[in-house]
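To start, the structure itself, in structure tokens.
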Amino acid sequence: MSETTPASGAAEAATEPFRYSSTLAADIESRWQDVWEKEGTFNAPNPVGPLSDATAGAGSVSAKPHSFIMDMFPYPSGAGLHVGHPLGYIATDVYARYQRMNGHNVLHTLGYDAFGLPAEQHAVATGEHPRISTEAAIANMRSQLRRLGLGHDSRRSISTIDPEYYRWTQWIFLQIFNSWYDAEAATARPIAELVAQFESGERPTPDGRGWSELSGTERDEVLGEYRLAYSKEVPVNWCPGLGTVLANEEVTADGRSERGNFPVFKSKLRQWMMRITAYGDRLIADLDPLDWPEAIKLQQRNWIGRSEGARVDFAVSADAAITVFTTRPDTLFGATYMVLAPEHELVDSIVPAAWPAETHEDWKGGAATPAEAVAVYRAAAAAKSDVERQVEAKVKTGVFTGAYATNPVSGESVPVFIADYVLMGYGTGAIMAVPAHDHRDFAMATAFSLPMRCVVQPTDGRGTDPHEWDDAFDTYDSVIVNSANADISLDGLSVVEAKAAATAWLTERGIGEGTVNFRLRDWLFSRQRYWGEPFPIVYDEDGVMHALPESMLPVEVPEVEDYSPHTYDPYDAASSPKTPLSRNEAWVNVELDLGDGVRSYRRETNTMPNWAGSCWYELRYIDPVNTERVVDPANEQYWLGPTEAKPAGGVDLYVGGAEHAVLHLLYARFWHKVLHDLGHVSSVEPFHKLFNQGMITADVYRDERGFPVPAAEIEERDGGYFWQGEAVKREAGKMGKSLKNAVAPDTICEEYGADTLRLYEMAMGPLDVSRPWDTRAVVGSYRFLQRLWRNVVSEATGELVVTDEPADEPTLRALHKAIDGIRGDMSGLRFNTAVAKAIELNNYLVKRGSTPREVAEPLVLLVAPLAPHIAEELWRKLGHAESLVYADYPVADPVYVVDESVTCVVQIKGKVKARLEVAPSISDAELEALALADPAVIAAIGDAPIRKVIARAPKLVNIVTG
RNA sequence: GCCGGGUUGGUGGAACGGCAUACACAGAAGCCUCAAAAGCUUCCGCCCGAAAGGGCUUGCGGGUUCGAAUCCCGCACCCGGCACCA
């Protein structure tokens, strides 16, 4: 093609002036990013309010289809991004751009979840205010992300540390605080309605006194039993090493803090709680209409842990009973002892003064009296961290309380133990032990020589004497035996039938009832930290709690001398927390007028946990500058309102890591439901469709000592890996600074451009699986864009090289098949195969030798969501004055989607023996005849008889011989 | 222990129950070039064979089916989640 002289050709070839190089890519990208920013290309209009589009008019907004496409927002880490971070952001951006080109009004933005421990720890270490380091980190991330060409509506980008944001976090807290759950109506209601019931006497107070007779703190106590956000002395996970308490979810299985890996102890402290358990049933039931991965739904269901069973009363004296929860009321006749959690409140009242006669020595724990045994055991249990409990889980420990209870069906007197394998937080904190049919009870009974009785017929050949067994028999698939008294017999019933029969019998007698229990606990909502949202709560001089009025929000994070929480020796279980905010006395003690004149108050000095800001940010994206309301109902209804396609409403697509399967998603659902119940939002669920993107992993190279060495400096030779001449080992791992294998997106942008990075990340594999980063392979995506560029633009002149002749039929077929396939892939978030199809079409054009405009234009549009900058540039060169962000995505012409002829394979007994080129419209009969006439087929059949012929026109014929 | 998910070329990965290995990386050869780069063309699962061709192949073992990477049962290994929850 080039007719230049050898000399100039050589010079020019090395630097084709209009070649799609990294320099050109950088130029194109920054130019288009500026255009998008200047023109507010990605600003999505709201129906009402300051973000409504005055020129378009509300009508045009609501007439358009619309999508709310959202990422799980990041914590702005000071370390900056590596290429793994933007994977999800690129995917949502591709999808958002695709939807815009399908005529949608698309809400797509990104905010920052900016309260958090790392900034606070940095502040403690350096004395620099966390706001300064956090805002610097946000600025850094913004510029890193800007280079990727993400089409965000920057007007809607919020940050959780912005007082104008967290005033609404505090406002929502107040809504939750000021409501209670009406279980009968299955909805949250204002606490004022409950107060009115108490005032009128419609609802009696716990001790029967009139409401007006109660003191302020007594009223607080009463209402605290109802409020959806309440403060209470509760057993919590106290982590002396961090100086703060932690939610159950933040404690690992081996009893350590998820952050810092410090031991965690059970301690009773006054803390803020959220009554998420009230929503247990709805949080399970409402998963059904959601378009979420089944695995995530399952994890949530397991976490909530709904189990059906019965409450049963075991009398311990004439006027006291121990209530247990069991899922096996069918085995009630087999309950031969009972166990209470060590902290159970009934323990003290049932303990007798002396050991009953003939008490087994092993049951006494070496103590002279039951009270002493209980006290010693309790102290030992409390001092144990969960780690120790975990390690010792196999060995059952406990002591006899000296008390006996009566089994309500057998009438037997059964000993009552305390043991730490029974947890105070689950059920009633008390169990009936059925050692023959429960592994834990069996272990306990074996250790303490407790009686056992078989009440479920063994089906595995073992005898009916449990003392001869190795372990409990816990199958549900059998029948009940040994279970009859004068009133009832369960004998011969299946486990399922017996459960129902036993429950009915208990209910009738008023000594039990069917009930549902949840594994889920109330959510511990306070932390002893500096860098979090303060509670909008104050206490008066009598210690009575007061919610601040809306007009006093936000309660801003005060300045303090020292940001650190008071930490202790990590093993000092007896320590208790001191909050950083309490250091600022001037802030803590305030004079306020809360309606009855100026009085002195003390502020709540705990702060909210990290999760608070992320529990509702989807709502603020919708109406980020609304100063009157958390979100205008019209805007909420527009973006999140329930429709036929999403019956519970919610964000159309929410993309993020599976590590948030339980915590964030459960908390956000809970808050959303409370807001729904109180009438603030029309949607029942915050996120309609959830998609979990996989992780980008990277090879980790370790030297002999096992320390990671910089992955970028590894040499590969002779089938081994070397760093500075030393042999190192390779393993798979996460990408990150500590493993010295992080690759910054900036590096890839410099070397190839953002479009290449976007394309490569999308092409690597399916979005939902983890895949290893391979810098070497990035060049493949770069070459594709270069070929695309060359198909449209001359590298030598920068002029268009597309032809204006109409495309021939095979080319149109290639085009329309690509359109059809890519559309399907885009809609299904299968970007890897979409990229492959675009490459195929482009390669077809390379081979063809020239590119008709008729094909170039749709091809550019097809690629636009994936590689938007180069697409805009080519679109402009093709003569379009407008950005293609709102151009129509190509639609396939069905005439060209099918091939002119298709290859039909002829199988003989399932093995391919011949191929035929046939028309797609061929009938089964014609195809069969054609196949049987084919010489290769005739030869392959030989003289074997034909038993059967299966024809599936137009693709396959299978001949069964013999 | 319980509950999920996975296992396809040297590598990342494609495949409505119907041609296994699309697309890409890496590798090989060629064209172009004084040369290199870039580009283009061809080859590239394994085994036998000079070739033509043949056989085998989706972790392993069974089954369903005319036909299985795909559905069912069992097993192995890997990755997640939960874990004394009565």
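Just so it is clear: chains get the letters A, B, ... in the order the sequence lines come, proteins before strands, and each one is counted from 1.
- Comparing B:A35 with B:A22, their P atoms sit 34 Å apart, to the nearest whole Å.
- An OP1 or OP2 oxygen of B:G13 is reached within less than 4.0 angstrom by no side-chain nitrogen or oxygen of A:Thr833.
- The side chain of A:Arg783 contributes an N or O atom lying less than 4.0 Å from OP1 or OP2 of B:A26.
- For B:C66, the OP1/OP2 oxygens have a side-chain nitrogen or oxygen of A:Lys948 closer than 4.0 Å.
- B:A69 and B:U21: their C1' atoms are spaced 11 Å apart (whole Å).
- Nucleotides B:A68 and B:C16 place their C1' atoms 14 Å apart, quoted to the nearest Å.
- Regarding the sugar-base torsion, B:G9 falls in the syn class, its angle being within 90° of 0.
- Spacing between B:C73 and B:G4 at atom P, rounded to whole Å, works out to 12 Å.
- For B:G62 and B:A15, the P atoms lie 29 Å apart once the distance is rounded to whole Å.
- Backbone-only engagement by A:Ala777 is indicated by non-hydrogen atom pairs under 4.0 Å involving sugar-phosphate atoms exclusively.
- Across every strand in view, B:A52 sits unpaired, with no contact that passes the Watson-Crick or G-U test at under 3.5 angstrom.
- Shown here, B:U7 forms a base pair with B:A76; the pair counts as Watson-Crick or G-U wobble because both key distances fall under 3.5 Å.
- Going from atom CD1 of A:Ile431 over to atom CD1 of A:Ile322 covers 11.0 Å, rounded to the nearest 0.5 Å.
- Contact check, A:Asn832 against B:G12: no side-chain N or O comes under 4.0 Å of OP1 or OP2.
- Comparing the P positions of B:A51 and B:A14 gives an interatomic distance of 34 Å, to the nearest angstrom.
- Under 4.0 angstrom from either OP1 or OP2 of B:U42 there lies at least one side-chain N or O belonging to A:Lys847.
- Under the 30°/60° scheme for interplanar angles, the aromatic rings of A:Tyr20 and A:Trp789 are found to be tilted.
- For A:Lys955 against B:C19, a side-chain-to-base donor-acceptor contact under 3.5 Å is absent.
- For B:A83, one of the phosphate oxygens OP1 or OP2 lies less than 4.0 angstrom from a side-chain nitrogen or oxygen of A:Arg519.
- A:Leu298 comes within 4.0 angstrom of the backbone, heavy atoms only, and of no base.
- Base pairing of B:G27: its partner is B:C43, meeting the Watson-Crick or G-U wobble criterion (both donor-acceptor distances under 3.5 Å).
- Note on A:Gln907: a base of the nucleic acid sits closer than 4.0 angstrom, heavy atoms only.
- The partner of B:C19 cannot be assigned: no Watson-Crick or G-U wobble pair with both contacts below 3.5 Å exists in any strand.
- When heavy atoms are screened at a 4.0 angstrom cut-off, A:Asn843 is found touching the sugar-phosphate backbone but no base atom.
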